[in-house]
Structure formats: C-alpha cells, structure tokens
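What follows is a single structure, written as structure tokens, with notes after it.
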Amino acid sequence: MDVLTEGVELSHADLALLAELAKGVTVDRVGRRLDISGRTVRRRLRGICDRIGVSTAIEAVAWAARRQLI
C-alpha cells in the first residue's frame, strides 16, 4: 500500500527509509537494516527526492516529517 500526498506517491518502504535517516542512521546502516546495499539506498533516496521535488536527503526527511508521514 502506498501513501499519496500532494500528488506524490511514496511506498511504505520509501517512508521506512526516510524514517531511518530521520533517526540519524547512516545510509550504509539503513541498507543493512533494510537488507539492501548502501548503493540501493542512495538510488532509492535519489528517486524519492526526484518524486517530491527536493534536492537532498535532509530535505526529503523534512518534507516527510512536516506531513507527519514519519
């Protein structure tokens, strides 16, 4: 199931990734926790940023937090 906000659709996996980053967990550790590579985390994060129209992971986390998604 996906979350739709402001015309942007984020999966629960996307939100889990952002939630881990919001806790201050490193990209590589997020990958280990989610059982994916750090490179995959970075690629997925880039896709999330592109979909929501922000430039950085910090902005993506802030975007999700402001909307109470994480």
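- For the residue pair Ala64 and Leu18, the shortest heavy atom distance occurs at CB-CD1, 3.9 Å.
- For the atom pair CZ of Arg44 and SG of Cys49, the computed distance is 12.5 Å after rounding to the nearest 0.5 Å.
- Atom CZ of Arg39 has 12 or fewer neighbouring heavy atoms from other residues, nucleotides or ligands inside a 6.0 Å radius.
- The closest side-chain heavy-atom distance from Asp14 to Glu9 is not below 4.5 Å.
- No side-chain heavy atom of Leu34 sits less than 4.5 Å from a side-chain heavy atom of Thr40.
- In summary, Asp28 and Arg33 do not engage in a salt bridge, as defined by a charged side-chain N under 4.0 Å from a carboxylate O.
- The shortest side-chain heavy-atom distance between Glu59 and Ile52 does not fall under the 4.5 Å cut-off.
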Residue pair Trp63, Ile70: steps toward the side chain to side chain contact (heavy atoms under 4.5 Å, CB included) verdict: CA-CA 10 Å; Trp63 183 93; Ile70 56 172; over 6 Å; no
Evaluation steps, side chain to side chain contact (heavy atoms under 4.5 Å, CB included), between Leu17 and Leu21: CA-CA 6 Å; Leu17 187 151; Leu21 291 174; 3.7 Å; yes
